[in-house]
Amino acid sequence: MRQRKTDYGTIILHWTFVAAFAVALVTGLRIATESPDRTWLNWFDAVLPRGSAWVAHMQAAIVLVSVAIGYVVYMLRSGLGRRVQLDKVRVRGLFRRGQVRLSAVIALMYWIFFVTMSGLLISGGLLYFGFYSGYDVAMLHWVGTWVILAFVVLHVLTQYKSGGVAQLLRIFRPAPLPAPPPKLDAVELLGMLAEQSARASESENFGAPPEVPSHPLQPRAEARRDRPREPDPAMRPTPGPARSRNPTLQANAFVVAVAAAITGGSLLVATDRLTVDSVQIRRINPADAPILDGDTSDRAWRGVKPFSLLTGEGGNFDGKGEARIEIRAVHDGTYAYFLFTWQDATRSLKHLPLVKETDGWHLLHSGFQLGDEHQYNEDKFSVLFTTMDVTLAGGRTFHPGPQPVASAPATMSGRGLHYTAAGYADVWQWKATSSSAGWLDDAHFGPPADPTPMQVANVLPYKGGFATDPGTANYRDNFSVEADTSGGPRRSRLIAPLRLPKAVAATTDAMGDIDLDPNHGESDGARWYMTDQDSVPYSTDADARIPVGTVIPGVILGGEFSGDRADVRSAARWASGLWALEVKRRLDTTSKFDVPIRSGVFMRVAAFDHSQIRHTRHVRPIRIEVE
């Protein structure tokens with residue numbers, strides 16, 4: 001039997017597309033492990049990449065777009081569109097049996113694939129360029145991935161059903177491209193019919209039998225009953241090349257397709273390079289510097305156009321995990337001032353509160369011991385600055401997977417780690433309760449730190465290269481964690497509380513309307529921390545005076561920020577579903593852990609809705625331009 005084969009162009013484009021999609025798939029699944037409630041994807045950790053998943057994912061996306069453009073051009077140039085043509089005949093074939101129905105199903109599957117892949121590429125572009133990176137687009141991208149995977153399985157099965165192993169193997173057997181059949185020329189056909197009619201009339205007038213020419217559109221058996229005259233050579237239809245092989249046609253079509261693919265990919269890369277998001281830091285007079293109070297009506301902010309972006313893939317935020325963030329920035333030659341505003345329906349201050357029950361004190365949490373508290377945590381906001389010439393954070397400051405550092409413990413949460421190969425990325429982190437005294441915690445991402453004995457024992461989560469800058473802070477937890485060696489697997493044990501209120505009624509009043517539902521916010525003016533002045537160290541006598549059911553804060557404020565950790569001042573205010581955070585820092589602190597604020601530095605922002613690590617994110621960095 002003659003082996004079934006496929007043209008060279010289709011084979012090359014097909015396998016290039018398959019390879020690019022495979023890379024996009026495994027890197028995309030690795031990226032998805034960082035989304036809330038998708039850590040189950042770590043079941044496939046052995047086959048998911050551990051390197052620069054974001055970079056490889058975007059590179060694969062460029063190849064996919066390029067191949068898609070090239071394949072469309074190739075089909076149009078080579079006349080292969082009939083392979084996937086979904087006309088009335090094939091639609092009617094869906095209601096028949098046998099190979100007719102199978103052929104119609106295959107064509108329909110191709111169009112489902114085309115539509116889904118288009119949606120996948122378009123949604124990916126929207127997410128990357130930030131035109132609209134919301135929950136709906138992210139879900140479209142997620143669902144589209146699984147539809148394509150289902151198509152791959154069904155595609156193999158239907159191809160096997162249509163021709164067995166020989167049909168599957170034809171994609172590995174190249175051959176020249178069949179030339180398309182000649183197109184029907186209506187004018188030529190009418191002329192030929194007129195000639196036939198004239199000859200027939202002439203034959204009738206002279207008593208001769210009518211001549212029936214051999215025309216491909218009018219086959220008649222009667223023409224062979226009598227000896228026909230040799231027709232006029234001019235009337236013979238020219239034999240078409242429908243069954244011949246045409247390497248020249250294939251080469252021309254493939255060259256044009258490759259040129260179109262390269263052009264499309266180049267335009268995509270050029271668009272990425274030429275449309276860099278940027279924030280202008282306008283210069284102002286020192287006398288016009290904004291007052292750090294969380295009020296957005298300062299004169300300095302009124303003349304600044306905000307930069308707006310939608311961040312997603314975070315935790316909570318009404319179940320969609322997205323928040324729109326606006327950024328304004330000015331400087332006076334010495335200090336830089338930022339105003340960050342973002343959407344958050346709730347003012348969450350309940351950071352790991354403690355409640356007294358009949359059997360003692362209990363810490364309210366859901367994932368804290370794994371380093372992934374996502375209910376009883378304060379609202380937070382984070383800013384990252386880096387001088388690294390990157391278009392993506394992945395692979396440079398963030399590394400996905402449950403164990404990104406092979407020589408360090410696996411993450412207890414199953415999610416990735418922040419660290420750099422060399423140098424430092426500057427990180428600011430504001431916390432709704434812990435930053436109440438006017439400082440914003442100055443931290444950094446650096447090379448992976450050596451794990452502590454508590455981290456090796458999985459008592460405390462390993463944090464990779466994330467650490468606070470040298471110095472002290474004025475806040476601490478109202479509990480401690482130690483190893484539980486009472487038997488069985490080694491786990492953590494919470495020792496709480498460390499301090500108790502001097503006056504329970506006063507502390508309760510300061511906390512406002514106490515609602516322990518983590519999805520409900522706190523009232524205006526509520527305070528969910530205690531100070532050293534209004535609390536005392538824990539003692540059994542002080543504990544005995546506190547009634548069962550009492551709730552006390554999980555944060556203690558006392559002392560001052562110092563050292564490099566005290567470089568950033570801040571103030572925040574929440575109103576009508578919107579946080580406003582004002583920040584002040586020197587343009588250059590001269591600390592090796594800080595990044596100078598100057599043109600060319602990249603910035604990223606993230607919002608947390610009562611979550612420890614499940615923050616929102618955006619793909620492209622923001623370039624700073626300082627006047």
*Asks:* Do D543 and K356 sit within salt-bridge range, that is, some charged N less than 4.0 Å from a carboxylate O?
*Replies:*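 Answer for the salt bridge query: yes.
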
*Asks:* Does D513 have more than 12 heavy atoms from other residues, nucleotides or ligands lying within 6.0 Å of its CG?
*Replies:*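 Count not over threshold, so no.
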
*Asks:* List in chain and number order the residues that pass ring-ring contact (aromatic ring centres under 6.0 Å, His included) with F561, two or more places apart in sequence or in another chain; answer none if no residue qualifies.
*Replies:* W439

*Asks:* List the steps and the verdict of side chain to side chain contact (heavy atoms under 4.5 Å, CB included) for D441 and T468.
*Replies:* CA-CA 7 Å; D441 219 344; T468 57; 4.2 Å; yes

*Asks:* Within this structure, what is the CD1-OH distance for the pair I556 and Y475, rounded to the nearest 0.5 Å?
*Replies:* 14.0 Å

*Asks:* When F385 is tested against each of F602, F445, W428 for ring pair (Phe, Tyr, Trp, His ring centres under 6.0 Å), which residue passes?
*Replies:* W428

*Asks:* Might you point out which heavy atoms bring G416 and T411 nearest each other, and give the distance in Å?
*Replies:* O-CG2, 4.3 Å

*Asks:* If you measure from the Lys or Arg side-chain nitrogens to the Asp or Glu carboxylate oxygens, is any gap between R324 and D344 under 4.0 Å?
*Replies:* no

*Asks:* Can you tell if the side chain of Y337 reaches within under 4.5 Å of the side chain of V583, non-hydrogen atoms only?
*Replies:* no

*Asks:* Does any part of the side chain of F398, heavy atoms only, come nearer than 4.5 Å to the side chain of T420, both counted from C-beta?
*Replies:* no

*Asks:* Are R585 and D426 close enough for a salt bridge, meaning some N to O gap below 4.0 Å?
*Replies:* yes

*Asks:* Quick check: does any side chain N or O of D379 sit under 3.5 Å from a backbone N or O of D609, one acting as donor and the other as acceptor?
*Replies:* no

*Asks:* Using only atom types and a distance under 3.5 Å, with no angle test, would you say the side chain of S436 pairs donor to acceptor with the backbone of T433?
*Replies:* yes

*Asks:* Answer yes or no: is there a donor N or O on one side and an acceptor on the other, between the side chain of N478 and the main chain of R499, under 3.5 Å?
*Replies:*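 Yes: the side chain of N478 pairs with the backbone of R499.
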
*Asks:* Among S348, S611, S435, S434, exactly one meets side-chain hydrogen bond (donor to acceptor under 3.5 Å, both in side chains) together with E378. Which residue is that?
*Replies:* S434

*Asks:* For the side chain of E357 and the backbone of G360, is there at least one donor-acceptor N/O pair under 3.5 Å apart?
*Replies:* no

*Asks:* Quick one: closest heavy-atom pair of V137 and S123, and the distance?
*Replies:*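 Looking at all heavy atoms of both residues, the shortest contact is CG1-O, 3.6 Å.
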
*Asks:* Is V619 close to M58 at the side-chain level, that is, under 4.5 Å between some pair of heavy atoms?
*Replies:*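 They are in contact (side-chain heavy atoms under 4.5 Å apart), so the answer is yes.
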
*Asks:* May I ask you to test the L126-L140 pair for a side-chain heavy-atom distance under 4.5 Å?
*Replies:* no

*Asks:* Between Y462 (side chain only) and A449 (backbone N and O only), is there a donor and an acceptor less than 3.5 Å apart?
*Replies:* yes

*Asks:* What pair of heavy atoms forms the shortest contact from N42 to P402, and how long is it?
*Replies:*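 Distance-wise, the nearest heavy atoms are OD1-CD, 3.5 Å.
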
*Asks:* Could you walk me through whether D594 and T589 pass side-chain hydrogen bond (donor to acceptor under 3.5 Å, both in side chains), step by step?
*Replies:* CA-CA 7 Å; D594 293 337; T589 65; 2.7 Å; yes

*Asks:* Taking S591 for the side chain and F593 for the main chain, is one N or O donor matched with an acceptor at less than 3.5 Å?
*Replies:* yes

*Asks:* Which residues satisfy the ring-ring contact (aromatic ring centres under 6.0 Å, His included) test with F608, sequence neighbours excluded?
*Replies:* H615

*Asks:* Kindly check if the number of other-residue, nucleotide or ligand heavy atoms within 6.0 Å of CH2 (W43) is above 12?
*Replies:* no

*Asks:* Of the non-hydrogen atoms in H610 and Q375, which two are nearest, and what is the gap between them?
*Replies:* CD2-O, 3.1 Å

*Asks:* Does I291 CD1 have over 12 foreign heavy atoms under 6.0 Å away?
*Replies:*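 Not more than 12 within 6.0 Å, no.
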
*Asks:* Between S297 and D295, do the side chains contain a donor N or O and an acceptor N or O under 3.5 Å apart?
*Replies:* yes

*Asks:* Would you say E322's side chain and Y135's backbone share a donor-acceptor pair under 3.5 angstrom?
*Replies:* yes

*Asks:* Using a strict cut-off of less than 4.0 Å between a Lys/Arg side-chain nitrogen and an Asp/Glu carboxylate oxygen, indicate whether E625 and R623 qualify as a salt bridge.
*Replies:* yes

*Asks:* Find the distance between NE2 (H365) and CD (E373) and round it off to the nearest 0.5 Å.
*Replies:*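 Going from the NE2 atom of H365 to the CD atom of E373 covers 7.0 Å.
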
*Asks:* Which heavy atom of G446 sits nearest to which heavy atom of Y424, and what is that distance?
*Replies:*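 Heavy-atom minimum between the residues: CA-CD2, 3.7 Å.
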
*Asks:* Between R476 and D532, is there a salt bridge with N-O shorter than 4.0 Å?
*Replies:* yes

*Asks:* Roughly how far apart are L364 CG and L352 CG, rounded to 0.5 Å?
*Replies:*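 Atom-to-atom, L364:CG and L352:CG are 8.5 Å apart.
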
*Asks:* Distance alone, cut at 3.5 Å: any donor-acceptor contact between the side chains of Q429 and S382?
*Replies:* no

*Asks:* Measuring from K431:NZ to N377:CG, what's the distance to the nearest 0.5 Å?
*Replies:* 8.5 Å

*Asks:* D534 and R527: salt bridge (charged side-chain N to carboxylate O under 4.0 Å, His left out), yes or no, with the steps?
*Replies:* CA-CA 13 Å; D534 57 26; R527 191 188 78 179; 2.9 Å; yes

*Asks:* Using a strict threshold of under 4.0 Å (side-chain N to carboxylate O), is an ion pair present between K350 and E522?
*Replies:* yes

*Asks:* Could you tell me if the side chain of I546 sits less than 4.5 Å from the side chain of L500, heavy atoms only?
*Replies:*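 With C-beta onward as the side chain, the pair touches.
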
*Asks:* Side chains of Y419 and F466: does their closest heavy-atom pair fall under 4.5 Å?
*Replies:*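 No, too far: nothing below the 4.5 Å cut-off.
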
*Asks:* Between S308 and I325, does a side chain to side chain contact (heavy atoms under 4.5 Å, CB included) hold up when you go through it step by step?
*Replies:* CA-CA 6 Å; S308 176; I325 300 173; over 6 Å; no

*Asks:* What distance do L48 atom CG and L41 atom CG have between them, rounded to the nearest 0.5 Å?
*Replies:*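 One finds 7.5 Å between CG of L48 and CG of L41.
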
*Asks:* Does the pair R30 and D45 meet the rule for a salt bridge (charged side-chain N to carboxylate O under 4.0 Å, His left out), with working shown?
*Replies:* CA-CA 8 Å; R30 174 61 81 191; D45 178 63; 2.7 Å; yes

*Asks:* Taking the six-membered ring for Trp, are F381 and W579 closer than 6.0 Å centroid to centroid?
*Replies:*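 No.
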
*Asks:* Is there side-chain contact between F368 and F479, with at least one heavy-atom pair below 4.5 Å?
*Replies:* yes

*Asks:* Under 3.5 Å, side chain of D277 to main-chain N/O of R620, donor-acceptor pair present?
*Replies:*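 Side chain of D277 to backbone of R620, a donor-acceptor pair under 3.5 Å: no, none is there.
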
*Asks:* Checking E582 side chain against G294 main chain: does a donor-acceptor pair fall under 3.5 Å?
*Replies:*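 Indeed, once roles are kept as given, a pair shorter than 3.5 Å links the two residues.
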
*Asks:* Which pair of non-hydrogen atoms, one from A329 and one from V279, has the smallest distance, and what is that distance?
*Replies:*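 Between these two residues, the closest heavy atoms are CB-CG1, 4.3 Å.
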
*Asks:* Looking at D450, I'd like to know if its CG atom is crowded, meaning that more than 12 non-hydrogen atoms belonging to other residues, nucleotides or ligands lie closer than 6.0 Å.
*Replies:* no

*Asks:* Would you compute the distance between atom CG of L440 and atom OG of S570 and round it to the nearest 0.5 angstrom?
*Replies:* 4.5 Å

*Asks:* If you apply the rule side chain to side chain contact (heavy atoms under 4.5 Å, CB included), what do you find for I622 with S278, and how did you get there?
*Replies:* CA-CA 5 Å; I622 306 166; S278 61; 5.6 Å; no

*Asks:* Is the closest basic N to carboxylate O distance between R586 and D567 below 4.0 Å?
*Replies:* no

*Asks:* Hey, are the side chains of W528 and P353 touching, using non-hydrogen atoms and a 4.5 Å cut-off?
*Replies:*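 W528 vs P353: side chains touch.
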
*Asks:* Okay, side chain of H444, backbone of V427: is any donor-acceptor separation there less than 3.5 Å?
*Replies:*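 It does not hold such a pair.
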
*Asks:* Indicate every side-chain donor-acceptor pair of residues 502-512 with a distance under 3.5 Å to a residue at least two apart or in another chain.
*Replies:*
from, atom 1, to, atom 2, distance (Å)
K502, NZ, Q533, O, 2.8
T507, OG1, A503, O, 3.3
T508, OG1, V504, O, 2.9

